[in-house]
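Read through the structure below, which is laid out as structure tokens, and then see the notes.
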4 protein chains.
Amino acid sequence: MTRPSSPWRVPPGDRARQHELKRDAVILTAARAFRERGYHNTSLDDIAAALHVTKPTLYYYVSNKEQMLFACFEEGLARLTVACDEARAAGASGRERLVALVHRYALAITSDFGWCMVRAEDQDLSPAMGARIKALKSGIDQEIRALIRAGIADGSIAVRDPKMAAFALAGALNWISHWYRDDASLSAGAIAERFVDLFVNGLAPRTRQAPSGKST
Amino acid sequence: MTRPSSPWRVPPGDRARQHELKRDAVILTAARAFRERGYHNTSLDDIAAALHVTKPTLYYYVSNKEQMLFACFEEGLARLTVACDEARAAGASGRERLVALVHRYALAITSDFGWCMVRAEDQDLSPAMGARIKALKSGIDQEIRALIRAGIADGSIAVRDPKMAAFALAGALNWISHWYRDDASLSAGAIAERFVDLFVNGLAPRTRQAPSGKST
Amino acid sequence: MTRPSSPWRVPPGDRARQHELKRDAVILTAARAFRERGYHNTSLDDIAAALHVTKPTLYYYVSNKEQMLFACFEEGLARLTVACDEARAAGASGRERLVALVHRYALAITSDFGWCMVRAEDQDLSPAMGARIKALKSGIDQEIRALIRAGIADGSIAVRDPKMAAFALAGALNWISHWYRDDASLSAGAIAERFVDLFVNGLAPRTRQAPSGKST
Amino acid sequence: MTRPSSPWRVPPGDRARQHELKRDAVILTAARAFRERGYHNTSLDDIAAALHVTKPTLYYYVSNKEQMLFACFEEGLARLTVACDEARAAGASGRERLVALVHRYALAITSDFGWCMVRAEDQDLSPAMGARIKALKSGIDQEIRALIRAGIADGSIAVRDPKMAAFALAGALNWISHWYRDDASLSAGAIAERFVDLFVNGLAPRTRQAPSGKST
DNA sequence: TATGAATGAGTATTCATTCAT
DNA sequence: GATGAATGAATACTCATTCAT
């Protein structure tokens, strides 16, 4: 999904750029390892080995194992933030914008950093870091709620409880990281499409009117 | 279920019963600790201390830390299985039964074992255990899909991709364990209600009158 | 000098007593190792090996390497404190009591814990520990000054600056730990005797009156 | 001696001189760092940072961390040797010369290199280095003993055991490095004066009139 | 049944040292 | 001369697990 697995064997470029590339490679490798084996089951030795580098070298680019997880989280979150920004400017109605967000969100979640972003637990981090992550996560939540409220305001969305709707939506999307694998039959886009279908139209048949008075 | 914090100080009863009670207390205590601090951040000492018992004592009731997590998982899953069984017999239409399941599912997820059930990672378990858990989880997934298909068959549900719909639904529900805390403002039932509203009716306003009143 | 090098091979006695004995052995072994190789050059593995025990076992008796050093320090200091107490009650005049202290001090310094007591640096300890040690050391210093002042008061001692005199005395005594080895030709008592001779009478010949107006 | 904090920013001068200056700065900076944080708690990074230079640069001027400590030791010892030489030629009687030495010794101990000279442990050095240092230290000890013996010979000093007297004197002086700080209320000279008073006259009041006035 | 004691295996982190540029 | 980058070796500390009592 992302290319440069080991810039240690890719000499070109100037100094600062090299450093940046290598750091990126460290983060990416970590993200993949975490996704595959989990944070606690991944030792720095594992990551170093995957990069064909020795353990102390990692410390040249990252100050901590915790910082490593945090960097992965940030990397993933950045994509999500971009997604939010793009979505906000994407469509006319609140619903259209929300749909756009779902697509981009799915893409971000299925990226290498999806797991870290979603599963980085406060529990695994120092209180300070935990708080920062929590705050950032909450920011995304607020974005979703805002779009839902906007949709309600412009009449394109009808839900009783925007907060719970946001939780449900985010939950469904985040959960993708639990079952999605790169070799999956469905692309992120296809998944998003199916989700949109469900979330927009609901389970109940739309044709004509609601299937009865007692709608269940 | 949430009571017996330490049967070590509650002497009476016969042999086998005593053992069973204590084992239950171990599992429950573990489940709570895992939920609070995560599996890897919980040491057996922590659990033992919570039970006012020493570490080796735990091994009298569980053979492993891994077994402990597995037991928690099983305990939670049992509730979910019951939920499925009840749901299957709960209503007339596929949709009604699915809605019933959502309610019971939410209740199970918010129980003490919810976290373990949802978050017990294959990563934390030996391959063998991991496979067992995966299979059991998949069973629940199949139940949901079956209900959705039933609903489609009887016309009470209209979705394009039952599999993705099941993933979305399960995802939203499982995710509850990430944000739900006992002191939350909403009960499991209330959450389920909101979720049902969203999943049944969708975000888009229903053409005529939205199926007013309690849609459940 | 002290006997029980390894109670791990000395089974008898009751529970609590056993524990205490072993902990003492840990501390003593640590003290000896520190004295021989220095704090930083002594690894826990070294100490464990000396006790024919594995490293984690040490943690059963001491919570920290730092705590280990501190315990050694305390052990040594305890002897010094006893020395002070005994000295305070030892003689009539301030000078007699001071002389008594010098004797006991020398004995304490040449004990296995002498090195730790004298050389435990604030630098090697956490700020908190460092502060505690500093305070305790300062207590001894005050004791010495008090005796000197008492001697001045009762006419048995004549010095201009009690504080500096205390520093000089303590310095000479503490320094013993730098050069003293168990196999040394002089016993602690003999050393103390020589020191007393020097400190009480001074370098200048005493016979008749002071050797001249210009006493240097 | 205390000035040249970083000749890296002071370009002029010829080649060899430059090198020498920089090496001196390295040694001095190291000495200060060792004194402040201890040898083992000072990393080469610390020293490099203090010089606004990178770690490998240090190796241009010193071959080793050990060599660094040794150089500091040598630097300090040189002062002490000078002190001995000057003292040897300073006065008429052995005692006068000894007193002169005490003054110069105190000055050397309170210098930036005092700590290293006194506290450089054999433990921190390779056996070879350790042996060299021990020999050099012993040289100083011999000087002191020689002066004492000279004083005994010319009647200006009266002590039973010259060796122990030398140990006591050196101990008191060396120990200054444990408690002396640059911001201390007493100058090295003042300290030496007090010490001389104590060591020359002793604690016991002199029979007739104590050698009043400035006894030095 | 319960526990004190002990251990093996593992892991993050530090640091002096080297070397190509 | 100076530095960025890399590494080997070491070390404190943790924890699940076992076993004699």
Side-chain angles (χ1 to χ4, degrees), chain A residues 7-8 11 14-16 18-19 22-23 40-48 51-68, chain B residues 8 11 15 18-19 22 40-48 51-68, chain C residues 7-8 11 14-16 18-19 22-23 40-48 51-68, chain D residues 8 11 15 18-19 22 40-48 51-68:
Chain A
W8 273 270
D14 66 302
R15 257 306 148 60
Q18 278 294 313
H19 190 89
K22 289 182 185 173
R23 193 192 131 98
H40 287 286
N41 294 317
T42 302
S43 78
L44 292 190
D45 273 314
D46 292 338
I47 297 173
L51 288 165
H52 303 293
V53 162
T54 60
K55 195 164 34 172
T57 299
L58 299 180
Y59 282 87
Y60 194 75
Y61 296 96
V62 187
S63 57
N64 248 345
K65 191 184 178 187
E66 184 186 43
Q67 284 278 352
M68 224 149 146
Chain B
W8 272 271
R15 260 305 147 63
Q18 276 297 313
H19 189 88
K22 290 182 186 175
H40 286 286
N41 295 317
T42 302
S43 77
L44 293 191
D45 272 315
D46 291 337
I47 298 172
L51 289 164
H52 304 291
V53 162
T54 60
K55 196 163 36 171
T57 301
L58 300 180
Y59 283 85
Y60 237 87
Y61 301 95
V62 191
S63 58
N64 249 344
K65 192 186 179 187
E66 183 184 47
Q67 286 277 352
M68 224 149 142
Chain C
W8 272 271
D14 66 302
R15 255 309 146 61
Q18 277 295 313
H19 190 89
K22 290 183 185 174
R23 193 192 133 97
H40 287 286
N41 294 316
T42 302
S43 77
L44 294 190
D45 272 315
D46 292 338
I47 298 172
L51 288 164
H52 302 293
V53 163
T54 61
K55 192 163 37 171
T57 300
L58 300 181
Y59 283 88
Y60 195 75
Y61 297 95
V62 186
S63 58
N64 249 345
K65 191 184 178 188
E66 184 185 44
Q67 284 278 353
M68 225 149 146
Chain D
W8 272 271
R15 257 310 145 61
Q18 277 296 313
H19 189 89
K22 291 182 184 174
H40 286 286
N41 295 317
T42 301
S43 78
L44 294 192
D45 271 314
D46 292 337
I47 297 171
L51 288 164
H52 303 293
V53 161
T54 60
K55 195 163 35 171
T57 300
L58 299 180
Y59 283 85
Y60 237 85
Y61 301 94
V62 190
S63 58
N64 249 343
K65 191 184 179 187
E66 183 184 48
Q67 285 277 352
M68 223 149 143

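In the text below, chain A, chain B and the rest are named by the order of the sequence lines, each starting its count at 1.
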Tell me the interatomic distance from [X], atom [atom1], to [N], atom [atom2], rounded to whole angstroms.
X       : N      : atom1 : atom2 : answer
C:Asp14 : E:dG4  : CG    : P     : 14 Å
B:Gln67 : F:dT17 : CD    : P     : 10 Å
A:Leu51 : F:dA6  : CG    : P     : 11 Å
C:Met68 : F:dT11 : CE    : C1'   : 14 Å
D:Leu58 : F:dA2  : CG    : C1'   : 11 Å
C:Ile47 : F:dC13 : CD1   : P     : 11 Å
C:Asn41 : E:dA16 : CG    : C1'   : 14 Å
D:Glu66 : E:dT17 : CD    : P     : 8 Å

Taking the minimum atom-to-atom distance to the side chain of [X], which one of [options] wins?
X       : options               : value
A:Tyr59 : E:dG4, E:dT14, F:dA12 : E:dT14
C:Lys55 : E:dT18, E:dT7, F:dC13 : F:dC13
A:Lys65 : E:dG4, F:dA16, E:dT13 : E:dT13

Comparing C:Leu44 and D:Val53 on DNA chain F - which has the more 5′ nearest nucleotide: D:Val53
DNA chain F: A:Ala16 or C:Asp45, which has the more 5' nearest nucleotide? A:Ala16
Looking only at heavy atoms, what is the nearest atom pair of B:Thr42 and B:Lys65, with distance? O-NZ, 2.8 Å
At their closest point, which heavy atom of A:Thr57 faces which heavy atom of A:Val53, and how far apart are they? CB-CG1, 3.0 Å
With a non-hydrogen cut-off below 4.0 angstrom, is [X] in contact with a base, only sugar-phosphate, or nothing?
X       : result
C:Thr42 : sugar-phosphate
D:Thr57 : base
A:Lys22 : sugar-phosphate

Would a 4.5 Å heavy-atom cut-off, applied to side chains only, mark B:Leu51 and B:Ile47 as touching? yes
If only side-chain N and O atoms of [X] are considered, is one of them under 4.0 Å from the OP1 or OP2 phosphate oxygen of [N]?
X       : N      : value
B:His40 : F:dC15 : no
D:Tyr61 : F:dA2  : yes
C:Tyr60 : E:dA6  : no
B:Asn64 : F:dT17 : yes
A:His19 : F:dA5  : yes

Could you tell me the separation between the CG atom of D:Asp45 and the CG atom of D:Leu58, rounded to the nearest 0.5 Å? 8.5 Å
Rounded to the nearest 0.5 Å, what separation is found between the CE atom of B:Met68 and the CG atom of B:Asn64? 10.0 Å
Atom pairs, N/O to N/O, protein against nucleotides 19-21 of chain E, distance under 3.5 Å?
none

For DNA chain E, the expected dot-bracket line (Watson-Crick or G-U under 3.5 Å, [ ] crossing, | inter-strand) is .||||||||||||||||||||
Specify whether C:Tyr60 and C:His19 have parallel, tilted or perpendicular ring planes, treating 30° as the upper limit for parallel and 60° as the lower limit for perpendicular. perpendicular
Exam field: side chain A:Lys55 to backbone A:Asp46, donor-acceptor pair closer than 3.5 Å: no
